[in-house]
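Fair warning: this is a prediction, and the values are worked out from it, not measured in the lab. Residue indices begin at 1 and follow the sequence shown.
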Amino acid sequence: MRTVLKSLALLGLLACSTAWADKAKSWGTASDAMAAGLPLLAGVATLANNDTEGTRQLVLSAGSALAAAEVLKNTVHSTRPDGSDNKSFPSAHTAVAFSAATFMDRRYGEQLSRDYGTWAVPALYGVAALTGVARVEADKHHWGDVLAGAAIGYGAARFWSEPVQGGRVSVIPAPHGVAVGWARAF
């Protein structure tokens, strides 16, 4: 996993340096790479740890973040800064990136800090934040779009993921809706 983290950090640096050549195109390519790279890194982490529960939590986190972003895009109809369409709000790239970074923090944060140092988790959030910056620099989103995407991704992963030895979230039908419970063994 150390090699994957170093590769991701290098990808972030590469994204910054290549973005100057052809601003919008390079930033757009970089944001695509980071939005795909973070969930890929998280998926590799679940496989490396033989963590089927983590895989489930990752899929729920990223899937619900992406679904929420897409529903809002198709409801709000906000025009992109480049005028290409009306699906600017919120940033799905940023939502997925933040869901993956938050999943890694919640699920493996202690392990990452112990194995790689205290820089590892902030680096994940840094790449997720750079994804949002890249979307703005690529002229695909406004700052409010990426902030909303970050909040959606962060919230989805906080809801669905838990530390390796953490508790469980349960959704139970109730007479007038649902009850949400959390349990943890001490």
Using side chain to side chain contact (heavy atoms under 4.5 Å, CB included), reason through Leu38 and Leu124 one step at a time and then give a plain yes or no. CA-CA 8 Å; Leu38 280 170; Leu124 293 169; 3.9 Å; yes
So NZ of Lys73 and CZ of Phe89: to nearest 0.5 Å the spacing works out to 9.5 Å
Within the supplied structure, the quantity of interest is the number of heavy atoms (other residues, nucleotides, ligands) at a distance under 6.0 Å from Glu70 CD; does it exceed 12? yes
Just to verify, what does Asn50 make a side-chain contact (heavy atoms from CB on, under 4.5 Å) with, not counting sequence neighbours? none
Spacing of Ser61 atom OG and Arg158 atom CZ [to the nearest 0.5 Å]: 11.0 Å
Please say yes or no: joined through hydrophobic side-chain contacts below 4.5 Å, possibly via intermediate residues, are Tyr108 and Leu47 part of one cluster? no
Val164 and Tyr116: same hydrophobic cluster, using ILVMFWY side-chain contacts below 4.5 Å? yes
Residue pair Val59 / Phe103, side-chain heavy-atom distance below 4.5 Å: no
Looking only at non-hydrogen atoms, find the nearest pair between Thr79 and Gly83 and report the distance. CG2-CA, 4.1 Å
Determine whether Leu58 and Met34 fall in the same hydrophobic cluster, where Ile, Leu, Val, Met, Phe, Trp and Tyr are linked whenever their side-chain heavy atoms lie under 4.5 Å apart. yes
Specify the closest pair of heavy atoms between Met104 and Ala42, including all atoms of both residues, with the distance to one decimal. SD-CA, 3.5 Å
What are the two closest non-hydrogen atoms of Ala35 and Ala97, and how far apart are they? CA-CB, 4.5 Å
Using 30° and 60° as the class limits, which term best fits the ring planes of Tyr154 and Tyr125: parallel, tilted or perpendicular? tilted
Shared hydrophobic cluster, Trp119 / Leu112 (ILVMFWY, side-chain heavy atoms < 4.5 Å): yes
Do side-chain atoms of Thr46 reach the backbone of Gly43 as a donor and acceptor pair under 3.5 angstrom? yes
Backbone N/O of Asp51 and side chain of Asn49: donor-acceptor pair under 3.5 Å: no
Side chain to side chain contact (heavy atoms under 4.5 Å, CB included) between Val136 and His142: does it pass, once the steps are laid out? CA-CA 6 Å; Val136 171; His142 305 280; over 6 Å; no
Between the main-chain N or O of His93 and the side-chain N or O of His141, is there a donor-acceptor pair closer than 3.5 Å? no
Rounded to the nearest 0.5 Å, how far does NZ of Lys140 lie from OG1 of Thr94? 13.5 Å
Closest non-hydrogen atom pair, Gly132 against Val146: O-CG1, 3.4 Å
Taking only residues two or more places apart in sequence or in another chain, which ones pass side-chain contact (heavy atoms from CB on, under 4.5 Å) with Asp85? Arg80, Lys87
Heavy-atom closest pair (Pro39 atom, Ala100 atom, distance to 0.1 Å) is N-CB, 3.5 Å
Side chain to side chain donor-acceptor pair (under 3.5 Å) assessment of Asp145 paired with Ser88: CA-CA 7 Å; Asp145 303 337; Ser88 184; 2.3 Å; yes
How long is the gap from CZ on Phe98 to CG on Leu147, to the nearest 0.5 Å? 8.5 Å
Within-4.5 Å side-chain heavy-atom neighbours: Leu72 and Ile152: yes
Roughly how far apart are Leu60 CG and Ser99 OG, rounded to 0.5 Å? 11.0 Å
Indicate yes or no for a side-chain donor-acceptor contact from Ser31 to the backbone of Gly28 under 3.5 Å, with no hydrogens or angles considered. yes
Flag the pair Asn86 / Ser78 as yes when at least one side-chain heavy-atom distance between them is below 4.5 Å, and no otherwise. no
Verify same cluster id: Trp27, Val127 (apolar side-chain graph, 4.5 Å): yes
